Amino acid sequence: EIIPRMRHLFLFFAMIGYFRCTAQWTDDFSDYEFLQYPAWSGDTGNFTVNTDGELQLSAIDPGTSYLSANVLLNDLDSMEWRFTVRMAFSPSSSNYARVYLVSDREDFTGNGYFLQFGEALSNDAVELFRQDSTQILSILRAQDGQIASAFALSVKVTRDEAGVWRLYLDADGSGVFQFAALGAEGSYSASSYTGVRCTYTSSNATRFYFDDFYVGPPLNDSVAQSVVPENGVVFNEI
């Protein structure tokens, strides 16, 4: 009787492992809404899904607005995040976006990892940070000046079992991702939320766009081989 019981337990845990490995979360806003299936929360009155099926910031007053989705990840090993982002203006320290890949807080005020799009002056680059509450640490950074003016990008980020992060970008809509940067950081190993946060002035309060979110096991697609750019490798503690 013990052996059959152990067999049932083994099958139970094997099924859990199977679903963990194959689970994925997506939202392409093809249903033209974001409040259910899947549900996003946060500053919902400041976002909309436009006629092109993109999640768009739709605020009036300057400020910061966020949306988050409850995406539970028991670990971050062999995971991939991807999405598209479009900003119809030149980013700055007053007008920039963060896409949170990993967060332990629904409002992104806790710990996790995020990509930032926009900074002061003209060296704007896509950059991955670790966030420890109010402190941030750069993990990797793509090419300086790549997003210094209005841009549209498809973004892919992977993290392997050793805590190595890799960033890939498709800047021309070709469907082929170019390797952009890598770095290592393993402080956090689980996540509860993913989402977006926009900081903006009134003139850009409707000019942030996001689409085609995916979180799950790595997908097979076209990745171009390229040389690691300057500032492309950063290693932090694992």
Side-chain angles (χ1 to χ4, degrees), residues 15-88 95-118 128-131 133 152-159 188-200 204-219:
M15 290 176 65
I16 290 177
Y18 171 79
F19 286 118
R20 165 62 186 88
C21 292
T22 58
Q24 62 184 40
W25 178 89
T26 65
D27 198 351
D28 62 4
F29 307 103
S30 56
D31 54 2
Y32 295 94
E33 63 87 33
F34 61 87
L35 296 178
Q36 55 185 349
Y37 311 124
W40 296 70
S41 60
D43 299 313
T44 56
N46 288 343
F47 290 87
T48 189
V49 177
N50 62 29
T51 55
D52 292 325
E54 300 170 298
L55 180 67
Q56 180 179 353
L57 181 67
S58 184
I60 298 174
D61 298 322
T64 297
S65 298
Y66 78 92
L67 282 182
S68 66
N70 188 202
V71 182
L72 297 175
L73 301 176
N74 294 326
D75 66 69
L76 306 181
D77 292 346
S78 299
M79 292 299 295
E80 178 175 300
W81 298 258
R82 63 172 65 191
F83 57 91
T84 63
V85 54
R86 181 164 64 92
M87 292 166 62
N95 293 277
Y96 63 90
R98 290 179 176 179
V99 175
Y100 278 81
L101 311 179
V102 170
S103 179
D104 62 355
R105 295 283 298 274
E106 182 264 351
D107 61 358
F108 306 130
T109 59
N111 304 320
Y113 301 100
F114 67 85
L115 285 168
Q116 182 158 314
F117 301 85
L128 177 67
F129 291 90
R130 185 187 87 198
Q131 177 175 306
S133 185
L153 289 174
S154 292
V155 180
K156 179 172 78 168
V157 180
T158 64
R159 182 186 184 278
Y188 303 123
S189 59
S191 181
S192 297
Y193 298 94
T194 190
V196 302
R197 199 188 82 163
C198 305
T199 297
Y200 49 89
N204 292 315
T206 61
R207 306 176 78 187
F208 293 73
Y209 307 84
F210 307 91
D211 205 354
D212 299 324
F213 285 91
Y214 170 85
V215 180
L219 301 174

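Values in this document were obtained by computation on a predicted structure and should not be read as measured data.
- The two residues Phe117 and Val99 come nearest to each other via the heavy atoms CE1-CG2, 4.0 Å.
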Test side-chain contact (heavy atoms from CB on, under 4.5 Å) applied to Phe47 and Phe208, step by step: CA-CA 10 Å; Phe47 290 87; Phe208 293 73; over 6 Å; no

Chi angles and distances behind the side-chain contact (heavy atoms from CB on, under 4.5 Å) call for Asp77, Arg159: CA-CA 6 Å; Asp77 292 346; Arg159 182 186 184 278; 3.2 Å; yes

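- Checked against the 6.0 Å centroid threshold, Phe210 and Phe83 do not count as a close aromatic pair.
- One distance of note links CD of Gln24 with OH of Tyr214; it measures 4.5 Å at 0.5 Å rounding.
- Here the straight-line distance linking atom OG of Ser103 with atom CG of Asn111 works out to 8.0 Å at 0.5 Å rounding.
- With a 6.0 Å radius and a threshold of 12 heavy atoms from other residues, nucleotides or ligands, Ile60 has its CD1 atom at or below the threshold.
- Ser192 and Asn70 get closest at one heavy-atom pair: O-ND2, 2.8 Å.
- Distance check, rounded to the nearest 0.5 Å: CG of Leu55 to OG1 of Thr84 gives 10.0 Å.
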Chi angles and distances behind the side-chain contact (heavy atoms from CB on, under 4.5 Å) call for Phe213, Val71: CA-CA 12 Å; Phe213 285 91; Val71 182; over 6 Å; no

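- Taken to the nearest 0.5 Å, the CG atom of Asp27 stands 7.5 Å off from the CD atom of Glu33.
- No close placement of the Trp81 and Tyr113 rings is indicated, their centers lying 6.0 Å or farther apart.
- There is no side-chain donor-acceptor pair under 3.5 Å between Ser191 and Tyr100.
- Scored by the side chain to side chain donor-acceptor pair (under 3.5 Å) test, Ser30 finds Asp28 as partners (sequence neighbours excluded).
- Every residue meeting the ring pair (Phe, Tyr, Trp, His ring centres under 6.0 Å) condition with Phe129, not counting sequence neighbours, appears here in chain and number order: Phe114.
- In plain terms, the two heavy atoms of Ser68 and Glu106 that are nearest each other are OG-O, 2.9 Å.
- Listed by chain and number, the residues in a side chain to side chain donor-acceptor pair (under 3.5 Å) with Thr64 are Thr199 (sequence neighbours excluded).
- Rounding to the nearest 0.5 angstrom, the gap separating the NZ atom in Lys156 from the CZ atom in Arg82 is 5.0 Å.
- The line from OG1 of Thr194 to CZ of Phe108 is 6.5 Å long, rounded to the nearest 0.5 Å.
- Screening Tyr193, Tyr37, Trp40 for a ring pair (Phe, Tyr, Trp, His ring centres under 6.0 Å) involving Trp25 leaves a single residue, Trp40.
- The shortest heavy-atom contact between Ala59 and Thr206 is O-CG2, 3.7 Å.
- Residues Leu76 and Leu101 have side chains not in contact (no heavy-atom distance under 4.5 Å, counting atoms from C-beta outward).
- Shown here for Ser78 and Pro218, the closest heavy-atom pair between the two residues is O-CD, 3.1 Å.
- Listed by chain and residue number, Asn95, Arg207 satisfy the side chain to side chain donor-acceptor pair (under 3.5 Å) test with Asn204 (two or more places apart in sequence, or in another chain).
- Every residue was checked against the side chain to side chain donor-acceptor pair (under 3.5 Å) condition with Asp31, not counting sequence neighbours, and none meets it.
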Check against side-chain contact (heavy atoms from CB on, under 4.5 Å), Phe29 and Asn50: CA-CA 9 Å; Phe29 307 103; Asn50 62 29; over 6 Å; no

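- Applying the salt bridge (charged side-chain N to carboxylate O under 4.0 Å, His left out) test to every pair with at least one member in residues 40-54, sequence neighbours left out, gives these pairs: Glu54-Arg86.
- When all heavy atoms of Gln131 and Thr109 are compared, the closest pair comes out as NE2-C, 3.8 Å.
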